[in-house]
2 protein chains.
Amino acid sequence: MANSKLYKGSLNTIILKLLEEQGKMYGYEMAQKVKELTKGELNITEGALYPALHKLEAEGLLDVEVAKVDNRLRKYYKLTEQGEKETINRLAELEEFIRSMQRLVNPDWSIN
Amino acid sequence: MANSKLYKGSLNTIILKLLEEQGKMYGYEMAQKVKELTKGELNITEGALYPALHKLEAEGLLDVEVAKVDNRLRKYYKLTEQGEKETINRLAELEEFIRSMQRLVNPDWSIN
DNA sequence: TCTTATGCATAAGAAAATTATGTATATATT
DNA sequence: AATATATACATAATTTTCTTATGCATAAGA
């Protein structure tokens with residue numbers, strides 16, 4: 001994972017974004033989804049993912065619902081009302097951040 | 001600074017990129033330049049900047065040259081040969097990272 | 001049967017920032 | 001003249017956020 005250092009700080013926003021578009025997901029599923037969407041570029045480790053989910057839950061941004069599928073545990077997360085509002089803010093910040101990075105790194109790219 | 005958490009990990013690459021295009025710069029100047037280029041979005045703190053410069057120097061990616069201007073100290077940094085090579089690699093990684101983030105956050109943006 | 005995949009969790013350690021200081025000179029403001 | 005702000009560096013203490021390592025448990029595939 002060449003980019004491992006770079007995505008520091010964006011994990012929470014990634015989680016929120018996934019839940020915004022998917023409705024509800026469980027942790028393992030999120031990691032798979034990110035790997036798929038980024039063609040293996042971003043690999044969310046479990047040691048980062050689960051604590052992040054717990055923290056977002058503690059902050060009141062996520063709700064949990066435990067399910068049992070094939071005799072295995074799954075914890076489905078979804079956005080709370082507050083979580084939906086926060087997601088909008090954090091996505092805006094992340095997009096602005098991405099634009100800033102583009103301006104720094106490749107000014108002639110695109111003017112988004 | 002709304003994005004403060006997000007740029008973690010990219011500071012080193014930003015420094016290298018600045019030196020690649022500007023030739024030589026001193027620390028304070030870099031911080032000003034980044035603020036200007038990002039329209040105040042990214043604020044590099046001195047507590048992050050100076051240790052990062054020292055580390056890049058220790059790694060052999062930067063050379064220093066001390067100057068005195070208006071009776072004030074300045075430390076001009078420039079890329080070493082090794083630094084130039086590393087810069088190319090790290091910029092490629094950062095650009096790939098930005099694309100990944102775009103795919104995650106805003107799939108319909110641009111296909112760079 | 002043994003490995004891989006699924007699915008969660010947490011502790012120890014490392015990396016990379018922020019925040020808070022500190023030093024010193026120059027310029028602008030009151 | 002005094003004070004605040006800008007310039008220019010530096011570092012220590014702390015915090016945030018990861019990685020790595022470990023652990024438990026079930027299902028599926030080789």
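Reminder, nothing fancy here: chain letters follow the sequence lines and each chain counts from 1.
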Report yes if at least one side-chain N or O of [X] is closer than 4.0 Å to OP1 or OP2 of [N]; otherwise report no.
X       : N      : value
B:Tyr28 : D:dC9  : no
A:Lys75 : C:dA9  : yes
B:Tyr26 : D:dA8  : yes
A:Asn71 : D:dA25 : no

Between B:Glu29 and B:Lys33, does at least one N-O distance fall below 4.0 Å, as a salt bridge requires?
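Between B:Lys33 and B:Glu29 there is no salt bridge, as every charged N stays at least 4.0 Å from the carboxylate O atoms.
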Would you call B:Arg99 and B:Glu96 a salt bridge, taking side-chain N to carboxylate O under 4.0 Å as the test?
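Judged by the 4.0 Å cut-off on N to carboxylate O distance, B:Arg99 and B:Glu96 do form a salt bridge.
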How close or far is atom [atom2] of [N] from atom [atom1] of [X], stated in whole angstroms?
X       : N      : atom1 : atom2 : result
B:Ile44 : D:dA8  : CD1   : P     : 16 Å
A:Arg74 : C:dA5  : CZ    : C1'   : 12 Å
B:Leu11 : D:dT16 : CG    : P     : 20 Å
B:Glu36 : D:dA6  : CD    : P     : 17 Å
A:Lys68 : C:dG7  : NZ    : P     : 14 Å

Each residue besides A:Leu73 in its hydrophobic cluster should be listed here, by chain and number; the cluster joins Ile, Leu, Val, Met, Phe, Trp and Tyr at side-chain heavy-atom distances under 4.5 Å.
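A:Leu73 shares its hydrophobic cluster with A:Val66.
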Touch check for A:Arg72, heavy atoms < 4.0 angstrom, all strands: base, sugar-phosphate only, or nothing?
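Here A:Arg72 touches the bases of the nucleic acid.
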Does D:dA30 have a Watson-Crick or wobble partner in any strand here, with both distances under 3.5 angstrom, and which is it?
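Check on D:dA30: paired to C:dT1, both distances under 3.5 Å.
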Decide side-chain contact (heavy atoms from CB on, under 4.5 Å) for A:Lys35 and A:Leu42; before the verdict, give the C-alpha distance in whole Å, the side-chain angles of both, and the deciding distance to 0.1 Å.
CA-CA 6 Å; A:Lys35 196 182 287 185; A:Leu42 252 70; over 6 Å; no
Against A:Ile15, only a single residue in A:Leu19, A:Thr13, A:Leu18 fulfils side-chain contact (heavy atoms from CB on, under 4.5 Å); can you say which?
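Among A:Leu19, A:Thr13, A:Leu18, the one that satisfies the side-chain contact (heavy atoms from CB on, under 4.5 Å) with A:Ile15 is A:Leu19.
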Looking at residues at least two apart in the chain, or sitting in another chain, which of them share a side-chain contact (heavy atoms from CB on, under 4.5 Å) with A:Lys78?
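Here the qualifying residues are A:Lys24, A:Asp63.
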Does any residue of residues 45-60 of chain A have a heavy atom under 4.0 Å from DNA chain D, and if so, which ones, in number order?
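Under 4.0 Å from DNA chain D: A:Thr45, A:Gly47, A:Ala48, A:Lys55.
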